[in-house]
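Following: one structure in structure tokens, then a few remarks.
Atoms within each ligand, like the ligands themselves, are counted from 1 in listed order.
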Amino acid sequence: MQTSTTSATRADGPTFEKRSPVTGEPLGRFPITSPAEVDEAVARAREAFATWRETPLEERLRMLGRIKDVVEAHGEEYARRISEDTGKPLVDSLLTELMSIPLFLDHYRKTAAKVLGRKRVGTPILFPGKRSYIERFPVGVIAVIAPWNFPFQLSMIPVLSALIAGNTVVLKPSEVTPLTGEIIAEIFRRIGLPRGVVEVLQGDGTTGAALTAAAVDKIFFTGSVATGRKVMAAAAQRPIPVELELGGKDAMIVLADANLRRAARAAAWGGLVNCGQMCTSVERVLVESAVHDRFVALLDEEVAKMRVGGPDEHAEMGPLTFGKQLETIERHVKGAVEAGARILRGGERVDRPGQFYAPTIVTGVTPEMELYREETFGPVIPVIEVADADEAVRLANDHQYGLNGSVFTGDVERGLAIASRLECGQVMVNDLVASVGNPALPFGGVKNSGFGRYHGDEGLLSFTHERAIMVDRGRLDFEAFWFPYQGKYDAMAQVFHGLVGGNLPKALVGLAKLGRITSRG
Ligand code: NDP
């Protein structure tokens, strides 16, 4: 049996170079998959779809379940390679990239049959003797376009969800993290899926654009708003469905009754983990006036303890994965300071080779600043003083993004009430980010953070279409509503008024009359 691999690209074709975010040293060259090669990969995925969709769910789950063994056996080696690719600490590669995959596979092994299975639903009295069902069927060939910040997890979860639901997949990892693209291709080779079930295409934006223009049936995109718009425009040409997982500017609300030490540690981790390159990073800390100064002092204590370095140094924070991000971060911080904000800590590049920026706290941030309005995607924690919880909620919601939010308070009921007022896809009370790791919970945004959900039941359903089924035993030669219409008007009016007016017996009498007239032919 031929198995899936990274798609074959011309040996003499164009390539791109990958450099280490830690040292700047070259790490290798990778092929740029051409539009023609993209079409060939999509054609292979299309061919494989015919068989994969017919493969029983149990069997699909069994085959994909082998990934658990591969991740268990090679996880630490993969963590090192992901860290080499991204610069993130090894702890993060294990925790936030690799560990979620077995957890998701376990969850879907237990739930997929129920979620994807045929469901019986009610049938109105208007259709006596019939039964109604909803079925799910796979969409077809799914294009997954993945970003560089969590290049393993943000590729694997949509790919696996689509596969479990019976689709085949063409994945385009980011050119910023091609080593991780290689790991993913290697995993699918190791588990020996039939040829074409998963195609991994290395390349740059041109490869991504070619994939959105190819004959795929749905696009699942994670990345920036700007590219998300292009993806949606490409999808509109066919037209095919898209899901967009875009950026965020997550608000963390700290109320006066919160456990401030916990809140400070949470802000430090939520704002700086993965060097702040996370769509669910804490990018705005809204702190009630009464505890603002105390909270800021505690936050500063926490951030002061952070060590910055490459994966081999076992630091808390690595370099930026994507070097161009440094310019965005510098512009945001500089603009904020010019508009009156204060750098409490950090606020500059780290003096060493590589793409390092110091863990940074900026206080006195206000809504006019770019640092407040735009996604920074770097290790910067902006702190905003607010009068009370109502102002915190107003500011949290008055934003272009709506991905995650969090509320820190000593009163859980109050925290829940505030959570329900936040315009975003996920909220945690007295914690942050972790909900994304619960495979039972859906994940996705509102506003410019995108639309659609994955993870949870929705993560499988979104890779299916619904099919409505109605069944009749077929014993009668006729249906009350069929032709002829001659002599039926009064009975039809009786059904109409009975149903619309809520008089069921009247409707049933009308229906019986209609049936008698139709049966006489
Ligand atoms: P992009 O949105 O440009 O990249 C995401 C993916 O889309 C990559 O695989 C990229 O390929 C691909 N791509 C690029 N151009 C096209 C195109 N025309 N059609 C289809 N696919 C395309 O993100 P960036 O890398 O530019 O990151 C910039 C910003 O995006 C960050 O500063 C951050 O704000 C946000 N972001 C948000 C993420 C999230 O998790 N929500 C993740 C990453 C970034 P390639 O990389 O090879 O060019």
### Message
Please find the pair of heavy atoms, one from K88 and one from P311, that lie closest to each other, and give the distance.
### Response
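For K88 and P311, the tightest heavy-atom pair comes out as O-CG, 3.6 Å.
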Atoms of ligand 1, numbered as shown, that sit under 4.0 Å from any heavy atom of [X]:
X    : answer
L246 : 39 (C), 41 (N)
P147 : 42 (C), 43 (C)
E175 : 45 (P), 46 (O), 47 (O), 48 (O)
G247 : 41 (N)
Q325 : 31 (C), 32 (O)
I145 : 6 (C), 7 (O), 9 (O), 12 (C), 20 (C), 21 (N)

Consider every N or O of [X] and every N or O of ligand 1, then say whether any pair is closer than 3.5 Å.
X    : value
T222 : no
S174 : yes
L154 : no

In terms of side-chain geometry, is the basic nitrogen of [X] or [Y] positioned less than 4.0 Å from the acidic oxygen of its partner?
X    : Y    : answer
R307 : E313 : no
R46  : D217 : yes
E327 : R331 : no

### Query
So F104 and Y108, would you call those rings parallel, tilted or perpendicular, with 30° and 60° as cut-offs?
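Answer is perpendicular, since the angle exceeds 60°.
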### Task
Classify the ring geometry between F322 and W148 as parallel (under 30°), tilted (30 to 60°) or perpendicular (over 60°).
tilted
### Query
Is the number of heavy atoms from other residues, nucleotides or ligands under 6.0 Å of E72 CD greater than 12?
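Check fails, neighbour count at 12 or below.
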### Task
Could you tell me whether a side-chain N or O of T33 sits under 3.5 Å from a main-chain N or O of T207, the two making a donor and an acceptor?
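No, the answer is negative, given that no donor and acceptor are paired below the 3.5 Å cut-off.
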Starting from [atom], locate the nearest protein heavy atom and write down its residue, its atom name and how far away it is, to 0.1 Å.
atom                    : answer
atom 30 (O) of ligand 1 : S224 CB, 2.9 Å
atom 11 (O) of ligand 1 : K172 NZ, 2.9 Å
atom 38 (C) of ligand 1 : F377 CZ, 3.7 Å
atom 37 (C) of ligand 1 : G223 O, 3.5 Å
atom 22 (C) of ligand 1 : T227 CG2, 3.4 Å

When you measure from [atom] to each heavy atom in [options], which option holds the nearest one?
atom                    : options                : answer
atom 14 (C) of ligand 1 : A226, G205, P151       : G205
atom 24 (P) of ligand 1 : W148, F150, F221       : W148
atom 8 (C) of ligand 1  : G445, A146, S155, A143 : A146

### Message
Is there a side-chain hydrogen bond (donor to acceptor under 3.5 Å, both in side chains) between E97 and Y78? Walk through the geometry before answering.
### Response
CA-CA 10 Å; E97 297 274 23; Y78 290 158; over 6 Å; no
### Task
Of the side chain and backbone of E375, name the one, both, or neither that has a heavy atom under 4.0 Å from an atom of ligand 1.
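It is the side chain that gets close, since no backbone atom is under 4.0 Å.
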### Message
Below 4.0 Å, non-hydrogen atoms only: which portion of E245 touches ligand 1? Side chain, backbone, both or neither.
### Response
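The answer is the backbone of E245.
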### Message
Is G203 close enough to touch ligand 1? Criterion: a residue heavy atom under 4.0 Å from a ligand atom.
### Response
yes
Would you indicate whether the side-chain heavy atoms of [Y] and [X] approach each other to under 4.5 Å?
X    : Y    : result
P379 : L272 : yes
L299 : V285 : no
F463 : I164 : no

### Query
Do T177 and K18 have a side chain donor and acceptor closer than 3.5 Å?
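The criterion, which ignores hydrogens and geometry beyond distance, is not satisfied for K18 and T177.
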### atom 4 (O) of ligand 1 touched by protein heavy atom at under 4.0 Å
no
